[in-house]
Protein chains: 2
Amino acid sequence: MPTPHYGQPRYRAIADELRERIETGAIPPGALLPAESALTAEFRAARGTIRQAIAVLREERLVATDHGRGTYANPSWNESGLTEGSEPKRSERQVAADPELAALFDVEVGAALIEQQSLIRANGVVGTVIRAYRVLWTKQ
Amino acid sequence: MPTPHYGQPRYRAIADELRERIETGAIPPGALLPAESALTAEFRAARGTIRQAIAVLREERLVATDHGRGTYANPSWNESGLTEGSEPKRSERQVAADPELAALFDVEVGAALIEQQSLIRANGVVGTVIRAYRVLWTKQ
DNA sequence: AGAAATTTGTCCGTATGTATC
DNA sequence: AGATACATACGGACAAATTTC
């Protein structure tokens, strides 16, 4: 546990994990990554290690951090990144919570949720649709 | 006095002190703890150290913190009940395509889709629900 | 209604001491 | 010896939610 960096250093492994979450849409474009303190808890890594991992992603332009605010995923949804991106593939709208979502978020059915939809295209055709839901009103 | 952690770290000692004040009633249930700025002055510790101490108590459910408001002692309404058993954080099921998804995937309404749902928790509560949709049979 | 002050949340940079590969 | 990593601690700054004036 202390410092076994078999092959790959820890901060790179953490960077890989976070990169996957972003690329799979688990952390949708424009969303905030968990705070450094939350990541230290989740990965049970020191803050310096977490910051090193995020620095890797920042260098890849996969995230951008605002001082005092947080670290955002995919800040380049308006500028074509790797692909020429024929269409904007992100949209956000307000929807009502269906019974299942209401139970998960512990809110009333019909409560306002933010739905962020992203599309993943392969060869021009839509391969995956990702919908991320979060409560509009934190707290209640 | 830079950073000697002989024996017990400072944030634990501070947490112990605050815990005792709560348990002895010096800080009654529902009352606000002194602000972080006040605690930094009292213990002559950095704010980060104070916040670490409070984080310990928060984990013990001895206090609860509201952004912009303060940290309360003994939140009596802790009916949360530590969850009814860990829910799976990733589940997969087959659903029928709604009109929007059907259009995106270019299939008929009602066609079979795979929905993969993931939950992202922050501090134990569901913060985001991710639903990823794919067509069931990717017959080229 | 609006501005200011308070308070918590988050990030930044740095530093020390310890331990392991 | 050097790189990696952990745990702890400091101080500063900006952001956001809440309260007070």
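Protein chains get the first letters and strands the later ones, always in sequence-line order, with residue 1 at the start of each.
In this structure, A/Asp66 atom CG and C/dC12 atom C1' are separated by 13 Å, rounded to whole Å. The nearest whole Å value for the distance from the CD1 atom in B/Ile50 to the C1' atom in D/dG11 is 14 Å. If you take CD of B/Glu36 and C1' of C/dT10, they are 11 Å apart, rounded to a whole angstrom. Across the protein-nucleic acid pair, B/Gln52 atom CD and D/dT8 atom P stand 6 Å apart, rounded to whole Å. Rounding to whole angstrom units, CG of residue A/Leu39 and C1' of C/dC12 are separated by 16 Å. Following rounding to the nearest Å, A/Ile54 (CD1) and C/dT10 (P) show an atom-to-atom distance of 12 Å. Atom pair B/Leu32:CG and C/dT7:C1' shows a separation of 10 Å (rounding to whole Å applied). When rounded to the nearest whole Å, the span between CZ of B/Arg10 and P of C/dT16 equals 18 Å.
Side-chain atoms of B/Ala45 lie closest to D/dC10 of the nucleotides D/dC10, D/dT8, C/dC11. Comparing D/dC6, D/dT8, C/dG9 by their nearest atom to the side chain of B/Arg58 picks out C/dG9. Side chain of B/His67, nearest nucleotide from D/dG11, D/dA15, D/dA7: D/dA15. Closest to the side chain of B/Ala35, out of D/dC6, C/dC12, C/dT7, is C/dT7.
Put simply, B/Tyr11 has a side-chain N or O that comes within less than 4.0 Å of OP1 or OP2 on D/dT8. Using a 4.0 Å cut-off, no side-chain N or O of A/Arg51 falls inside it from OP1 or OP2 of C/dC11. At least one side-chain nitrogen or oxygen of A/Thr65 sits closer than 4.0 Å to the OP1 or OP2 atom of C/dC12. For the pair B/Thr49 and D/dC10, the criterion of a side-chain N or O lying under 4.0 Å from OP1 or OP2 is met.
In the hydrophobic clustering of ILVMFWY residues, with side-chain heavy atoms under 4.5 Å counting as a link, B/Val107 and B/Leu104 come out together.
Between the side chains of B/Thr71 and B/Thr65, at least one donor N or O sits under 3.5 Å from an acceptor N or O.
Under the side-chain contact (heavy atoms from CB on, under 4.5 Å) test applied with B/Arg19, the options B/Glu17, B/Glu23, B/Arg21 reduce to a single match, B/Glu23.
Residue contacts shown for B/Gly48 are absent, as no nucleic acid heavy atom lies under 4.0 Å away.
Side chain of B/Thr24 to backbone of B/Glu20: a donor-acceptor contact under 3.5 angstrom is found.
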Please set out all donor-acceptor pairs under 3.5 angstrom arising from side-chain atoms of residues 31-40 of chain A, sequence neighbours excluded.
residue	atom	partner	partner atom	Å
A/Glu36	OE1	A/Arg47	NE	3.0
A/Glu36	OE2	A/Arg51	NH1	2.8
A/Thr40	OG1	A/Ser37	O	2.5

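For B/Arg47 and C/dT10, a side-chain-to-base donor-acceptor distance below 3.5 Å is present, hydrogens and geometry of angles not being considered.
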